[in-house]
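Shown next, in structure tokens, is the structure this report addresses.
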Amino acid sequence: TAPELIRNFCIIAHIDHGKSTLADRMLQLTGVVEPRAMRAQYLDRMDIERERGITIKSQAVRMPWQLGDQAHALNMIDTPGHVDFTYEVSRSLAACEGAVLLVDAAQGIEAQTLANLYLAMENDLEIIPVLNKIDLPAAQPEKYAEELANLVGGDPDDVLKVSGKTGAGVEALLDRIVERIPAPVGDADAPARAMIFDSVYDTYRGVVTYVRVIDGSLSPRERIVMMSTRATHELLEIGVISPDPIVTKGLGVGEVGYLITGVKDVRQSKVGDTVTNAGKPATESLGGYSEPKPMVFSGLYPVDGSDYPALRDALDKLKLNDAALNYEPETSVALGFGFRVGFLGLLHLEIVRERLEREFDLDLISTAPNVVYDVTLDDGTEVKVTNPSEFPGGKIKEVREPVVRATILAPSEFVGTVMGLCNDRRGQMDGMDYLSEDRVELRFTLPLAEIVFDFFDQLKSRTRGYASLDYEPQGDQAADLVKVDILLQGDQVDAFSAIVHREKAYDYGVMMTAKLKEIIPRQQFEVPIQAAVGARVIARETVRAMRKDVLAKCYGGDISRKRKLLEKQKEGKKRMKNIGSVEVPKDAFIAALSSD
Ligand code: GDP
Ligand code: MG
């Protein structure tokens, strides 16, 4: 297709505002999916996505659309809808010239709408504001059209009103996309440069790589180069998705499609990388490429220690289709053999954990998630800490922690509440704007560690569910952080070490010792549970000694009963962990880690 007839766009929306449903209607109206083949949320292919109603992996679909006497090709690029995948979102946006900004007409603008809008504006995309769900009785299209127009500039009358459910207004939206979104421009004669905006592992075909061609063209069977690694591959297949793969003779300027090279690992086909021809390579890559960087770490352990090899195999398999997944073996005194796993964020963690449990049938326990700390010692040595129990004990000059730029949207009555919460979480306010009389946008810089710890739940419960949150990484900053250790009779229980702000160390110590006291069974002797910062004990509880031996109850006589008891004890011992001389059932640690 000639570039003048191509339109590349994405839909940006807050979760549940109807992106997938609208995409379904577009697929139907353009004739790409036949009515009888239609099922809800056609593009959300993974089971977990469908069940959770979120889109993890972006995909691109080509749809024909006639306007006047011209046949156009619309490429709809689906963007992942969650903060953890900001980088992937930004690459998907970079593959487009325009964005449909979709807002639920009964809800109005939400934080995720704004965060994605800012990303789209940074990429200079043409924005088409659209209100969705106008069929809902609770819809207030006039009110929110005003809000949207204020935000993106322009006339409220210009805001399109559609219903993804009934299909109302969707044809007009497709026309508007052709009219307003600029056609792609590129140099057809230059060496090929195509940007990878997604790469997905497929069991049968190996890695399927989604690209947007900027300059030149790619043809089947030629050799291509991944510019970040200089690795070359043969192009086995190239084509477009509509909505199933259709092999083509190549992809030219402005086109969006997929390619297959036979590689088996998404790490060989990285999002953000530039693809060029091996025969006539481009000298400069497209820019904007960066390695996925794990932001949140957690220890993952099999509940049953003998599942360790199965867990390792499962992680090796998942890694093939998740370039952001990082892990290395780790042992814990309390939990045995497992892995320290790095994730993009909390949702990524939940998804991986759920896939491990569901697709690989593993029973897992994870330690409390933590961020990555950069520690500089007095002698200038720098240490990256991904596991709190490895926080250095020596003289520390500085500790740096990752921070995020958070956007929170809330009804104006909750401004004080939101500010209070962010203040408690060491946030720094960067600004505040009224979107309308009753809705406020607040911007904060917050330590990621504070968000990882139940921030979202707190925000929701304190604003009766009305506030929404989005955030993106914003580098790091120095903070007064200390490691709190938990000791059982003087021995450290590694899984419970935490890095916290100095002012919160005491609270953490009191909370954790109290919790463990509830869970740890009585021993033959008294067991002190302590929380300590370095050598200084900041909190203490005691598990009292058992009063009597279990056997004392059965006086001499009943031998068989005595034997039964001893056997029972022996069996229990297998599941015991020794922390020094203290025996603790593994279940107790699991309970302590999973309750809060
Ligand atoms: P996404 O999270 O943005 O992809 O949103 P979905 O497309 O999954 O839609 C979220 C919910 O809103 C689903 O229950 C849809 O059935 C519903 N929904 C989507 N569009 C409309 C609409 O135009 N009208 C009505 N009444 N409901 C809609
Ligand atoms: Mg969706």
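Whatever order the structure lists ligands and atoms in, that order sets their numbers, starting from 1.
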Using a strict 4.0 Å threshold on nitrogen-to-oxygen distance, state whether E237 and R205 make a salt bridge.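 The answer is yes: the pair qualifies as a salt bridge.
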Roughly how far, to the nearest 0.5 Å, is CE of M63 from CG of L29?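 Going from the CG atom of L29 to the CE atom of M63 covers 9.5 Å.
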Rounded distance [0.5 Å steps], OG in S461 versus CZ in F456: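 So the OG of S461 and the CZ of F456 are separated by 11.0 Å.
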Using a heavy-atom cut-off of under 4.0 Å, does the side chain or the backbone of [X] touch ligand 1, or both, or neither?
X    : value
D135 : side chain
S20  : both
V162 : neither

Examine K319 relative to Y327 and say whether NZ or CZ is less than 6.0 Å from the centre of the six-membered ring and inside a 45° cone about the ring axis.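 Checked: cation-pi criterion met.
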Pairwise side chain to side chain donor-acceptor pair (under 3.5 Å) hits with a residue in residues 160-169, at least two apart: D135-S163, S163-T166
Any N or O of G18 that comes nearer than 3.5 Å to an N or O of ligand 1?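 By distance alone, the answer is yes.
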Taking N or O atoms only and a 3.5 Å limit, does G164 qualify as a polar contact for ligand 1? yes
With heavy atoms of L136 as the reference, note each atom of ligand 1 found under 4.0 Å away. 26 (N)
So between R25, K133, K19, K165, whose heavy atom ends up nearest atom 3 (O) of ligand 1? K19
Could I get the full list of ring pair (Phe, Tyr, Trp, His ring centres under 6.0 Å) partners for F444, not counting sequence neighbours? none
